[in-house]
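The chain is numbered in sequence order, starting from 1. Side chains included, hydrogens not; waters and symmetry mates left out as well; all remaining heavy atoms used.
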Amino acid sequence: MAQYENEILLLRELVEKSVSRKIQTPADFQFLTGVIQERCKETLAVSTLKRLWGYVDGYDTTRFSTLSILARCVGFHDWDDFLQNHTKRNASSQVVLGQVLNASQL
């Protein structure tokens with residue numbers, strides 16, 4: 001999972017934004033499990049979420065199915081869809097952010 005570290009961090013941020021809550025405490029992980037169950041009709045164990053957020057050891061053992069469930073909860077079809085859209089978004093942002101437009105050029 002180390003190869004996807006940045007993408008997983010972005011997915012975690014999107015999940016936190018979608019639930020309007022930073023996920024930091026045991027109560028937060030329990031809350032998130034309920035949200036996932038409600039939104040996606042899927043179950044992720046609290047311990048799985050704690051590993052993914054780095055609250056406990058085991059971050060590197062995250063399964064693609066777990067990432068797909070989280071991706072679905074924030075509007076993507078699955079983990080692969082998230083990766084494809086993330087890559088496109090980064091490429092587009094780099095092009096726009098790499099250029100400077102001065103008011104005098106308008």
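- For the pair Leu32 and Val19, the tightest heavy-atom approach, listed with the atom from each and the gap, is CD1-CG1, 4.2 Å.
- Between atom OG of residue Ser68 and atom CZ of residue Phe76 there is a gap of 12.0 Å, rounded to the nearest 0.5 Å.
- Contacts classified as disulfide bond (SG atoms under 2.5 Å apart) and involving residues 25-74 (residues at least two apart or in different chains) are given here: Cys40-Cys73.
- Note that CD of Gln24 is 10.0 Å distant from OH of Tyr55, once rounded to the nearest 0.5 Å.
- The minimum heavy-atom distance between Leu44 and Thr33, with the atom names listed, is O-CG2, 3.2 Å.
- Arg51 and Thr66 are not linked by any side-chain donor-acceptor pair at a separation below 3.5 angstrom, with hydrogens and angles left out of the test.
- Counting only heavy atoms from C-beta outward, the side chains of Asp78 and Asp81 approach each other to under 4.5 Å.
- In this structure, Phe64 and Trp79 have tilted ring planes: the angle between them lies in the 30° to 60° band.
- Between the CD1 atom of Ile69 and the OG1 atom of Thr48 there is a distance of 9.0 Å, given to the nearest 0.5 Å.
- With values rounded to the nearest 0.5 angstrom, Leu70 atom CG is found 10.0 Å from Ser65 atom OG.
- When every heavy atom of Glu7 is checked against every heavy atom of Gln3, the shortest pair comes out as OE1-O, 3.9 Å.
- A chain of hydrophobic side-chain contacts below 4.5 Å, direct or via other Ile, Leu, Val, Met, Phe, Trp or Tyr residues, connects Trp53 to Val35.
- Residues Leu10 and Asn6 are not in side-chain contact: their nearest non-hydrogen atoms beyond the backbone lie 4.5 Å or more apart.
- Within the structure, the salt bridge (charged side-chain N to carboxylate O under 4.0 Å, His left out) test picks out the following pairs touching residues 16-34 (sequence neighbours left out): Glu16-Lys22, Arg21-Asp28.
- The structure places NZ of Lys41 at 12.5 Å from CD1 of Ile36, a figure rounded to the nearest 0.5 Å.
- A donor-acceptor pair under 3.5 Å is formed between the side chain of Arg12 and the backbone N or O of Leu52.
- With rounding to the nearest 0.5 angstrom, the CG atom of Leu67 is 9.0 Å from the CZ atom of Phe82.
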